[in-house]
J.: 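Here it is: the structure, laid out below.
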Amino acid sequence: MEKSEKLAMIRHSMAHVMAEAVLEIFPDAQIAIGPSIENGFYYDFDLPRTLTEADLLDITERMKAIINSDRKFVRSVVSRDEAKEVFKNQKYKLELIDSIPEGEEVSLYNQGAFTDLCRGPHVESTKDLNADAFKLLSVAGAYWRGDEKRPMLQRIYGTAWENPKELRLYLDHLADIEKRDHRKLGKELDLFSLHEEAGPGLVYWHPRGARIRQVIEDFWRKEHYENGYEMVYTPHVGKSWLWETSGHLGFYKDSMYPPMEMDNMDYYTKPMNCPFHIMIYQNSKKSYRDLPCRWAELGTVYRYEKAGALHGLMRVRGFTQDDAHLFVTPDQMEDEIIEVLRFSLHMLHSFGFNEIHAYISTKPEKSVGDVEKWNAATEALKKAVEKEGLKYDIDEGGGAFYGPKIDLKIKDAIGREWQLSTVQFDFNLPERFGLTFVDKDGVEKQPYMIHRALLGSIERFFGVLLEHYAGAFPPWLAPEQVAIIPVAEVANDYAKEIERKLRKDGIRTVSDLSNERMNAKIRKAQQMKIPYMLILGEKEMGAGTVSVRYRNGKQAFGLSYDAFLAEIKAKIESKEQL
RNA sequence: GCCAAAGUAGCUCAGUGGUAGAGCAGCUCCCUCGUAAUGAGCAGGUCGUGAGUCCGAUUCUCACCUUUGGCUCCA
């Protein structure tokens, strides 16, 4: 048996054991569902009162007792009526029984005092579970069937493994995630802040964070120019006419900031940049000779995200998309898609993301645009992905109503997936705005329009980068690349001299002339995760050299200034991690 | 928006029905030091906001705001 199947069985069985334990404490509890999930399991309950930390300990102890009592998991197949009789006091189970398709058999699993409606499979006996290889993690609210109109249940999350060692590894992994939390690092490294009193979900970039953002944006612009894009700038607000035409006021209004009234007109802050880029397109009549238009903008947009959805930099209300729109002829479409994908991968690789997975989403049932276009676009997406040799999954029918898309997800340093790039066809806006170009044959035709963002949003991308590197940015991104640390006051002038030279040579440098001890300065620089420290004392002054302490603790003594400069420049140039 | 927890000094946190404390950071002084914290002193808080109970509320109650973990949605 595959390990993943075995773990799923263990976790699913754990969920049943947990349900039994909960029922021991709350005999009248209504039980909902309890599946295995990635890394663990959960079970949803409708309970007479809110669970506390103490309850979790109590449940844990009871679970251990159940596991150690060697109860068999016994499967039985019953009729619907029999099942309904068994669960006559369990309204959620009754609903589930009714939702089982006709013809599918209804099975129960029983262990000890607990019987659950369940497809299985399960381990043979509770003794196949390890009482020291699970942990209940948290209680959270969850709607019955994920529907916010239905009752809110209490969900207990747990993690379960084959043995205590695996559990330990997983708990260490959770601790690692916590250590890398971009909100924590953002504070520690003085990169950004959010201010509840000034508006939730709005980001303030501090000098050190802004430095990194600047490096990202400069690189982004340079690459875009090199790859045939032009930059545009567009306004932050637009009259309601624009959003009515685009359809946003019809489909997207709930996610937009409310209107501002001026001169009897409603103005909306933009939740997307597309209508503005379309205005530029429409400013003049386009010939096939003008296409493709590749227009990019670091466009700051505002969206009303539900309060509960806000999360650090990952989910905010104001953010900057690294947006671009491509207006292309049908002939150009395929090559352009291949090119966009190649470009995306190049960008992601540059930032140190090398494990990339593609997800193609195809035509949903309700859609606009004719089938031929959908097919051509979808084929182009597949071709592009295959050409790059990317692993990909297809989400059949998972596209937006207005066009198919590719999403790229990267894996970070600790194996978590993040969606960054997205390439999205749009058959809707060209129609709504009546976009055309004059083809060779003199006939006006509709161009293909492609939205794409490579990094997604700068805020979110920054958050992902921060967690990926755990704050220890590679030299090319580090807000401060060199910290100069004089051993004692006598070396301060020499420190200033070296700082001036480095700054002049384009190296981001700070020097610490405070009257702390050298050790304290090193500690400070180390905590700020500055990649290079130059320790300058009488020896260096005398010889006109520098001594380097690298972020990883290694040291090099007596380097000439030029040798050090060459070394750091090479690192920056290569974008390597130190 | 819903469920739960939380909000005390710039940060991390302790604490109490009789208007608060630590460490770090900050400031001052001392130290001038060779690879992760020299030492001493000072200053810093209307205890998230508003109401209620009470002789008295940071502490108890309620409402609101915000944050966190989830649900939903997504970049």
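A note on names: the letters A, B, ... follow the listed sequences, proteins ahead of strands, and every chain is numbered from 1.
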J.: Under 4.0 Å, heavy atoms only, any strand: does A/Y42 hit a base, just the sugar-phosphate, or nothing?
T.: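 Since no nucleic acid heavy atom lies under 4.0 Å of A/Y42, the category is nothing.
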J.: Evaluate the side-chain hydrogen bond (donor to acceptor under 3.5 Å, both in side chains) criterion for residues A/N273 and A/Q321: first the C-alpha distance (whole Å), next the side-chain angles of each, then the deciding distance (0.1 Å), finally the verdict.
T.: CA-CA 9 Å; A/N273 303 300; A/Q321 291 181 307; 3.3 Å; yes
J.: Under a 4.0 Å N-O cut-off, is there an ion pair linking A/E355 with A/K391?
T.: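 Salt bridge between A/E355 and A/K391, a charged N being under 4.0 Å from a carboxylate O: no.
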J.: Taking only the side-chain heavy atoms of A/Q419 (C-beta and beyond), determine which of B/U35, B/A75, B/A37 contains the nearest atom.
T.: B/A75
J.: Taking any heavy-atom pair under 4.0 Å as a contact, classify A/F461: base, sugar-phosphate, or nothing.
T.: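 No contact.
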J.: Give a yes/no on whether any side-chain N or O of A/R183 is located under 4.0 angstrom from OP1 or OP2 of B/G69.
T.: yes
J.: With respect to A/H325, which candidate in A/R294, A/E297, A/H451, A/R452 satisfies the side-chain hydrogen bond (donor to acceptor under 3.5 Å, both in side chains) definition?
T.: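 Among A/R294, A/E297, A/H451, A/R452, the one meeting side-chain hydrogen bond (donor to acceptor under 3.5 Å, both in side chains) with A/H325 is A/H451.
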J.: Mind checking A/T50 for me? I need base, sugar-phosphate or nothing, with any heavy atom below 4.0 Å counting as a touch.
T.: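 The residue A/T50 makes sugar-phosphate contact but no base contact.
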J.: At 4.0 Å (heavy atoms only), tell me whether A/A520 reaches a base, stays on the sugar-phosphate, or touches nothing.
T.: sugar-phosphate
J.: Quick one: label A/G537 by what it contacts on the DNA or RNA (base, sugar-phosphate, nothing), any heavy atom closer than 4.0 Å.
T.: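 Touches a base.
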J.: Please determine whether any donor N or O and acceptor N or O are separated by less than 3.5 Å between the side chain of A/E305 and the base of B/G1.
T.: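 A donor-acceptor contact between them is absent.
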J.: Mind checking if A/Q424 touches a base, just sugar-phosphate, or nothing, with heavy atoms under 4.0 Å?
T.: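 Nothing: the residue A/Q424, judged by heavy atoms under 4.0 Å, touches no strand.
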J.: Any idea which of B/U35, B/C74, B/U38 is nearest the A/R315 side chain?
T.: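 Per side-chain heavy atoms of A/R315, the pick is B/C74.
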J.: Looking at the base of B/A36, is there any donor atom on it, or on the side chain of A/R517, that sits under 3.5 Å from an acceptor on the other one?
T.: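 Flag unset: no donor-acceptor pair detected.
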J.: Picking from B/U66, B/U35, B/C74, which would you name as closest to the side chain of A/N519?
T.: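 Of the options given, the side chain of A/N519 lies nearest B/U35.
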J.: Is the shortest distance from a Lys or Arg side-chain nitrogen in A/D181 or A/K179 to a carboxylate oxygen in the other one below 4.0 Å?
T.: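 Salt bridge flag = no for A/K179 with A/D181.
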J.: Any N or O donor-acceptor pair under 3.5 Å from the base of B/G70 to the side chain of A/Y143?
T.: no
J.: Could you check whether A/L310 gets within reach of a base, just the sugar-phosphate, or nothing at all, counting any heavy atom under 4.0 Å?
T.: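 The residue A/L310 makes sugar-phosphate contact but no base contact.
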J.: Of the nucleotides B/C3, B/G34, B/U72, which has the atom closest to the A/M152 side chain?
T.: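 Ranking B/C3, B/G34, B/U72 by closest atom to the A/M152 side chain puts B/C3 first.
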